[in-house]
Amino acid sequence: QAQLVESAGGWVQTGGSLRLSCAASGRASSSGTLGWFRQAPGKEHEFVAAIRRGDGKKVYADSVKGRFTIFRDNAKNEVVLQMNSLKPEDTAVYYCTASGATHILSSIRRKEMYEYWGQGTQVTVSS
C-alpha cells in the first residue's frame, strides 16, 4: 500500500514563507518522481514542482520559479516544498504526488502521470 501524508499548511501574509513536507510510505517510498500540485477554488489542478529520484532533476512551474524550492530528505523519506515570497494567487490546496516511474521532462508536469496522491493541505496567503 502506498501512502503520502502532507504536513499541515497554514495562513501567511503576502511575502511570507511556508514549508510543506510529505512523508512517503509503502510503494510511494520508492517513487521515481515526486511532485507537488495545487488546486485553487473553481480551478483545475496545477503543476507546481517535481523532482526525480535518480538524477535529482528539479522542474518548476513558471509561476513559482525563483520563489519555491523542492528537495528530498532521504533520511526521512520526505519531499519538501519550501515556499518563499508568497502571493495571494498561491492560495490553494496543495497535493503531494508520487509516481513509480522516472518521468521524462516533457511529461513530468502532467497530473495523470502520478498514481499516488496525498490528501491535500490548505495554504492561504492574504493580501
Side-chain angles (χ1 to χ4, degrees):
Q1 187 175 359
Q3 191 172 18
L4 297 171
V5 179
E6 297 117 340
S7 61
W11 175 91
V12 66
Q13 291 186 321
T14 296
S17 297
L18 282 175
R19 173 175 289 203
L20 301 179
S21 62
C22 173
S25 62
R27 294 179 180 179
S29 64
S30 59
S31 297
T33 308
L34 291 163
W36 290 91
F37 283 73
R38 66 187 182 187
Q39 187 175 30
K43 295 188 177 182
E44 297 290 326
H45 285 92
E46 176 191 15
F47 171 79
V48 176
I51 183 169
R52 298 196 306 202
R53 170 187 287 272
D55 59 6
K57 178 69 176 180
K58 302 176 183 181
V59 179
Y60 297 95
D62 288 343
S63 59
V64 307
K65 199 172 295 183
R67 300 188 298 121
F68 290 13
T69 302
I70 186 171
F71 60 93
R72 294 178 63 101
D73 184 334
N74 290 324
K76 296 181 180 179
N77 213 11
E78 291 183 348
V79 59
V80 178
L81 185 68
Q82 176 66 43
M83 304 183 292
N84 298 329
S85 302
L86 282 161
K87 305 175 182 179
E89 50 264 44
D90 294 318
T91 295
V93 176
Y94 282 71
Y95 296 89
C96 175
T97 62
S99 172
T102 299
H103 294 306
I104 58 176
L105 299 183
S106 61
S107 61
I108 206 168
R109 292 177 172 83
R110 295 166 53 189
K111 67 175 184 177
E112 60 266 29
M113 303 305 291
Y114 297 86
E115 57 265 38
Y116 308 122
W117 288 69
Q119 78 280 5
T121 187
Q122 177 70 45
V123 171
T124 302
V125 184
S126 66
S127 57

Under 3.5 Å donor-acceptor, [X] side chain and [Y] backbone:
| X | Y | value |
| --- | --- | --- |
| R67 | S85 | yes |
| N74 | N77 | no |
| T121 | E6 | no |
| S31 | T33 | no |
| R110 | S106 | no |
| R72 | R53 | no |
| Q3 | A24 | no |
| T97 | Y114 | no |

- Of all heavy-atom pairs linking A28 and L4, the shortest is CB-CD2, 3.8 Å
- Provide the closest heavy-atom pair for G56 versus I51 in the form atom of the first, atom of the second, distance. O-CG1, 3.9 Å
Can you tell me how far [atom2] of [Y] sits from [atom1] of [X], rounded to the nearest 0.5 angstrom?
| X | Y | atom1 | atom2 | value |
| --- | --- | --- | --- | --- |
| E78 | F71 | CD | CZ | 9.5 Å |
| F68 | L20 | CZ | CG | 8.5 Å |
| L18 | N84 | CG | CG | 9.5 Å |

- For the residue pair E115 and S99, confirm or rule out a side-chain donor-acceptor distance under 3.5 Å. yes
- Mind checking whether F47 and Y60 have ring centres under 6.0 Å apart? no
- Query: When the ring planes of W117 and H45 are compared, do they come out parallel, tilted or perpendicular, using 30° and 60° as the limits?
  - Reply: perpendicular
- Message: For K58, I'd like to know if atom NZ has over 12 heavy atoms of other residues, nucleotides or ligands within 6.0 Å.
- Response: yes
